[in-house]
Amino acid sequence: MQNTEEIWRLVEAKREPFQDLSDRVWGMPELAYTEQRSCAEHAAMLREQGFRVTEKVAGIPTAVMGEAGEGGPVIAILGEYDALPGLSQEAGVAEPKPLPGPGFGHGCGHNLLGAAALLAATAVKDWLAANNLPGRVRYYGCPAEEGGAAKGFMVRDGAFKDVDIAISWHPAAFCAVNEPISLANTRIDFSFTGRASHAAAAPHLGRSALDAVELMNVGVNYMREHMPSDARIHYAYLDAGGVAPNVVQPTAKVRYLIRARDLVELRALIARVRKIAEGAALMTETKVEAKVVSGVSNLLGNTPLERAMQNNLDRLGPPPFDDLDRARAAEFQATLSDEDIASAWRKMGLPVRKGVSLCDVIVPLELKGAPMVGSTDVGDVSWVVPTVQARGATYAIGTPGHSWQLTAQGKLPAAHKGMVHVAKVMAGTAVDCLLDPGLVEAAKADLAERTRDNPYEPVLSPEVQPPFDMSKTAA
Ligand SMILES: [Zn+2]
C-alpha cells in the first residue's frame, strides 16, 4: 500500500511538464504516419527524463521507444499521438469552431493518451531508481493507431518480443478497466481494370471497371444477411474511374474495411469478399487485384492484470474533478442529444443518471456493458504479451468518439486531471507487476491458455508494408 502511494506521488510530482506535452501535441495535430513533430516531442521528453531512446522502431519513422532500469521484468507502457482529419476545433469552446489550417484535430484524445503513458513510464522509472530494484520500464510511442495498424507492424518486427507485460489506456467518459472486446479487422483495396471506349459510339468495346465495383458492392451487401451478426463491412470509393460519363470507366478502386469478432471469423469473411470481387470481375470481363493495406487483431483480455488494475482504480477512486470542471463539461453535454448521453451510461452497463456531466465512479470489473464494436491495434500486442488497458475519464459523459466536442475538451483542466489520474492507475499496475513475480507469471499463464488452441496468426502477412502514405489524400 505504501509503495503504491509512493508511485502516485511520483506521478503527481511530474504532472506539469506532461500536461504541457499533451497540450503541445494537441496544438500540432498530425495524421497517421506523419507524426514527425509529435514523435519528436515524445523523444525529447524521453531524453530529458533520462530514458535510453530508440528511434524509428520497426523501421517506422514516427515510432519511438525509451527504456530505463536494469534486469528484471520488462514492463511496456504504450502511448499514441496521431490525430484525425476534419476534427479541427478551438480548445474549450462548446460550439463547432474549426481553427485555420488543414482541419486536423485530436478528436480521439491521443494527445492525452501519449502524454499520460509517458508520464506513467517516467514515474515507474523514478520508482525503480528510488527503490534500487531490478526491472525495466519502456515507453512505446506508437503512431498511426487511426487505421494504420502500426502496433501490428511493430509486433511483426519483434519490437515487443522481450516484453513481459504491456499496459495502456484510452481517454473515455468513465474510469474503468477496458473490457477486452474489440473487432479484428483488415483494409483491402480492390482495383478493377477494364477497357475504355466511347460510351455511345462503341459501348460494346468497353469493359467497365466501375460496373465491376458496383456489382461487387451489391454482392457484398447481399452477403450481409448471411454473416455473423457482430461482423461489420464498410467500403469507400478510392477511384470511380473518372468524371466523364461518356467514357467507359477503365479503372475503379474500392477500399473495403472488414471487421469480425476474431481472427478465425475474419479470415473466413475475407475469403468470401475476395470471391465476390472475383465474381464481379468475371461478370464484367475486367481484372481485379486485391491489396491488403492494414489489419489488426481482436483484443485478448488478461484476467490477473485486469484484477490488478481494478484494484488500483478502486483504491484511487475517481479523478478529483471540481464544480468548475463539471460546469464546463455540462456546456458540452448541452450540445449532445439525450440519446448520446444515455447510451454512454448504457455502454458501461451503468444506470443512466441525469445531470451528471463527469465521471464520479469507478466502474466495477464485473459490469458488462454493450461490447465495443470498434477495433484497435493494441489487439496485436495482446496476442503476444499479456496486456491490460484502462479507460480514463477525461471528457463529458456522452461525448461521441471522433467529434469536435472531443477535440475541444482535450486541453481542459478536467482532461489534465483525467490524464494524471490514469497515469497513476497504469504506474500502480506496473509497480504491482514489478513487486510480484507471481502476478507476471499468472498473466503469462492466462495468455498461454487463451492462445493454446488458437495461436496468433496476424492479419498482416509478411509482404504487407506499413501504409506510410495513407494520410496523403487527407492532407
Ligand atoms: Zn483513439
Side-chain angles (χ1 to χ4, degrees), residues 21-22 25-26 28-35 38-39 42 62-63 77-89 104-118 120 139-152 154 166-185 187 232 234 257 259 294-299 344 347-348 371-382 387-396 398-411 415 418-419 422-423 426 470-471 474:
L21 172 68
S22 172
V25 170
W26 186 97
M28 53 177 77
E30 297 168 302
L31 303 185
Y33 290 118
T34 69
E35 312 94 334
S38 306
C39 180
H42 278 242
T62 53
I77 305 185
L78 316 182
E80 298 164 9
Y81 30 64
D82 56 327
L84 286 154
L87 289 173
S88 167
Q89 166 67 23
F104 308 157
H106 271 287
C108 203
H110 294 183
N111 56 308
L112 296 160
L113 205 172
L118 183 40
Y139 168 74
Y140 283 82
C142 307
E145 193 280 330
E146 301 290 356
K151 293 186 198 74
M154 292 162 76
I167 301 171
S168 192
W169 78 289
H170 201 284
F174 291 98
C175 297
V177 173
N178 188 50
E179 220 186 327
I181 298 174
S182 76
L183 302 181
N185 81 24
R187 286 171 168 75
R232 299 281 187 274
H234 337 284
L257 173 46
R259 308 186 201 242
S294 68
V296 302
S297 302
N298 53 302
L299 271 174
K347 223 166 22 190
M348 299 311 297
M372 165 188 170
V373 285
S375 308
T376 167
D377 63 1
V378 178
D380 288 277
V381 180
S382 74
T387 300
V388 67
Q389 296 181 89
R391 291 172 167 274
T394 62
Y395 53 72
T399 306
H402 298 190
S403 63
W404 65 262
Q405 289 95 334
L406 212 154
T407 308
Q409 295 173 74
K411 281 166 74 172
M419 80 164 248
V422 79
M426 290 188 286
M470 63 178 281
S471 297

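Side chains are part of it too, since the values below use all heavy atoms of this structure and drop only hydrogens, waters and symmetry mates. Indexing begins at 1, ligand by ligand and atom by atom, following the structure's order. The shown structure was predicted, so the numbers you read here are calculated from the model rather than taken from an experiment.
For the residue pair Glu35 / Thr62, a side-chain donor-acceptor distance below 3.5 Å is found, with atom types taken as modelled. For Gln409 and Thr399, the side-chain atoms include at least one donor-acceptor pair closer than 3.5 Å. Using modelled atom types and a 3.5 Å distance limit, the side chains of Asn298 and Ser182 yield no donor-acceptor pair. Between the side chains of His170 and Glu80, no donor-acceptor pair is found at a separation under 3.5 Å.
Using a 4.5 Å heavy-atom threshold, the side chains of Val25 and His106 count as touching.
Around the Zn ion (ligand 1), protein N, O or S atoms at less than 2.8 Å comprise Cys108 SG, His110 NE2, His170 NE2.
Under the side-chain contact (heavy atoms from CB on, under 4.5 Å) criterion, Thr34 pairs with Glu30, Leu31, Gln36, Ser471, sequence neighbours left out.
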